[in-house]
Amino acid sequence: MSEIQFHNTLSGRTEPFVPLVPSAVSIYTCGPTVYDFAHIGNFRTFVFQDVLRRYLKSRGFRVVQVMNLTDVDDRIIQKSAAAGVSIRDYTDKYIQAFLDDRRALNLEPPEHLARATEHIEDMVALIQRLTAKGFTYTSEGSTYFRISKFPAYGKLSKIDVAGMQAGARVDMDRYDKDNVRDFALWKAPKPGEHFWETAIGPGRPGWHIECSAMAMKYLGETLDIHSGGVDLTFPHHENEIAESEGATGKPFVRYWLHAEHLLVDHEKMSKSVGNFATLRELFSHGQKPSSVRFLLASVPYRRQLNFTPESLQGAAGSVDRLRTFVARLATGKFPAGASPAMAARAAKAREEFDESLSDDLNTAQALAAIFDLVRDVNIAIDRGEFLEGDAAPVMGVLESFDAIFAVLLDDDAEKLRALGFGKDSAGPSDAEIDALVAERQAARKRRDFAASDRIRDQLAAQGILLEDSRDGGVRWKRK
RNA sequence: GGCGCGGUCGCCAAGUGGUAAGGCAAAGGUCUGCAAAACCUUUAUCGGCGGUUCGAUCCCGCCCCGCGCCUCCA
């Protein structure tokens with residue numbers, strides 16, 4: 001097994017990954033702000049985080065992942081007020097949608113999904129700790145973090161604080177802060193706004209404090225991995241470091257992993273630009289969950305990912321090829337025996353697959369190892385050289401692949417139905433299809449091709465594709 | 001301006017100091033009753049200019065272009 005390496009934003013380098021505690025990895029992943037449906041740019045990062053945790057698990061680590069759900073912020077306060085519902089009710093809806101979307105993309109549930117509003121006490125305690133150490137000041141009921149008290153500020157994003165201070169013009173009237181870079185830990189309530197009555201006064205938490213508080217609550221004061229989109233590097237993650245390390249005096253995170261953006265028309269997909277697509281929109285246009293997951297997972301996470309209709313179709317084609325291959329392996333009839341050469345070929349693919357992923361999760365390269373194997377096995381099958389006993393080792397590789405990519409199981413239609421898309425009915429049942437297939441086989445046997453083709457067309461119209469195999473069998477799949 | 005990421009076949013996208021993976025798409029072919037699937041063949045000298053080197057797409061310099069962060073943002 002190759003040594004695992006990750007690119008650490010903190011050092012700016014790709015370095016060997018060694019968790020603090022052998023055999024276990026603690027991961028904090030920045031989750032969504034639940035004021036609306038997440039778009040696929042957001043899911044690019046979430047898919048990356050899922051690939052990350054799955055890979056670590058495949059390498060034998062016990063993974064403990066915490067993902068936050070930011071369920072209080074300016075937008076949520078505004079929108080829920082506008083809708084005339086409580087923050088809780090407003091965010092419940094989008095949290096549910098988020099969880100449904102995650103299921104559609106086969107994202108494994110994190111060990112802890114932490115709602116900000118359920119951790120107010122933890123945040124207050126952390127702020128008190130910071131205050132006790134002199135890192136804070138208050139202004140008009142709000143509490144701020146004074147970055148001049150934290151000399152390491154800027155070490156993650158490589159921002160030159162001194163330069164910024166010199167060039168910054170502080171608008172005191174507007175911010176009431178000593179330094180523009182100082183950030184709110186606790187915000188005083190505006191009239192009519194929802195607030196929490198706490199030991200540090202009424203108000204609501206600033207953005208960054210929730211992540212520090214929840215990460216340390218579940219994972220300890222030093223965690224192995226923290227990840228999110230590149231846009232969070234500054235100020236969000238920089239501020240998390242300041243808050244956390246200010247309070248504990250210990251390193252907060254050992255490896256910072258940042259996912260690059262998903263681009264549309266050479267531009268970052270974002271709500272503000274308006275060039276975003278939600279999963280539901282794609283599904284309503286007939287796209288499959290597996291295509292989306294494959295596309296998002298296939299581009300290494302530190303690369304910007306160009307999202308185009310063509311790339312999504314490409315992903316669909318790739319998934320199709322792999323599923324067809326698995327079906328061929330599972331249903332084919334092969335000569336008895338087993339060949340050492342094929343076992344070795346499979347082992348080689350397994351090794352290349354792992355080695356690619358160990359190199360900062362190079363999923364593109366890992367896929368090449370799988371497709372190379374697929375081609376070689378198909379060649380062997382076509383030549384009649386593939387033996388019965390060769391299927392198991394090859395399937396083993398595909399299982400390793402799917403433990404990470406999770407696209408082989410053909411349950412797209414089911415998932416779409418669960419989200420209210422696609423056909424209302426499941427279409428013909430397996431038994432009905434099998435009966436028609438048998439009928440067609442009989443027609444073929446008496447060389448009544450008109451009848452057999454009629455049945456094939458009829459099934460095709462219902463999205464069932466038939467493949468006659470050389471050994472006389474028939475394989476079918478739902479499109 | 002500062003910091004960071006890129007520019008490789010029609011599209012997506014790996015990679016290496018010694019003439020470039022993989023997927024999708026396209027064309028032709030083999031197989032098939034016909035299809036489908038599968039396989040085979042065909043399609044790139046790696047943004048530009050210099051430099052280092054026996055040799056650079058990969059190293060260095062300059063330039064051009066795109067994207068992101070520096071304000072809410074995955």
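Chain identifiers are assigned alphabetically (A, B, ...) following the order of the sequence lines, protein sequences preceding nucleic acid strands; residue numbering begins at 1 within each chain.
At B/C39, one or more side-chain N or O atoms of A/R321 fall inside 4.0 Å of OP1 or OP2 (strictly under the cut-off). In this model, the phosphate group of B/A21 is not approached by any side-chain N or O of A/R375 to a distance below 4.0 Å at OP1 or OP2. Proximity of A/T33 to the phosphate of B/A74: a side-chain N or O atom is located under 4.0 Å from OP1 or OP2. An OP1 or OP2 oxygen of B/C11 is reached within less than 4.0 angstrom by no side-chain nitrogen or oxygen of A/N306. Phosphate proximity of B/A14 to A/R303: present, with a side-chain N or O under 4.0 Å from OP1 or OP2. At B/C39, one or more side-chain N or O atoms of A/N378 fall inside 4.0 Å of OP1 or OP2 (strictly under the cut-off). Between A/K268 and B/C69, a side-chain N or O to OP1/OP2 separation shorter than 4.0 Å is present.
Taking atom C1' in both B/G50 and B/U42, the straight-line distance is 36 Å, to the nearest Å. Nucleotides B/A44 and B/G7, compared at atom C1', are 15 Å apart to the nearest Å. For the P atom pair drawn from B/C46 and B/U53, the interatomic distance equals 22 Å after rounding to whole Å. Nucleotides B/U8 and B/U16 have their C1' atoms positioned 13 Å apart, rounded to a whole Å. For the C1' atoms, the distance from B/G47 to B/C9 is 15 Å, rounded to whole Å.
Taking 3.5 Å as the limit, the base of B/G33 and the side chain of A/D453 contain a donor-acceptor pair of atoms between them. Side-chain N/O atoms of A/R75 and base N/O atoms of B/C72 include no donor-acceptor pair closer than 3.5 Å. With hydrogens and angles left out, the side chain of A/D468 and the base of B/C34 share a donor-acceptor pair within 3.5 Å.
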In dot-bracket form, 5' to 3', how is RNA chain B paired? Count Watson-Crick and G-U wobble pairs only if both distances fall under 3.5 Å, and write | where the partner sits on another strand. (((((((..(((.....[...))).(((((.......)))))....(((((..]....))))))))))))....
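Residue side chain A/F449 meets the stacking definition with respect to B/G33: its ring centre sits within less than 5.5 angstrom of the base's six-membered ring centre, and the planes differ by less than 30 degrees.
Under the ring-ring contact (aromatic ring centres under 6.0 Å, His included) test applied with A/F48, the options A/F6, A/Y301, A/F43 reduce to a single match, A/Y301.
Comparing A/S452 and A/S270, the nucleotide of RNA chain B nearest to each residue sits closer to the 5' end for A/S452. Position along RNA chain B of the nearest nucleotide to A/R456 versus A/D359 favours A/D359 as the more 5'-ward residue.
Counting only residues at least two apart or in different chains, ring-ring contact (aromatic ring centres under 6.0 Å, His included) contacts with residues 346-393 of chain A comprise A/F334-A/F386.
For the pair A/R54 and A/I404, the tightest heavy-atom approach, listed with the atom from each and the gap, is CD-O, 3.3 Å.
The CD-C1' distance, from A/E352 to B/A14, rounds to 13 Å in whole Å.
Checked against the 6.0 Å centroid threshold, A/Y218 and A/H119 count as a close aromatic pair.
A cation-pi contact, defined as under 6.0 Å to the ring centre and within 45° of the axis, is absent between A/K79 and A/Y94.
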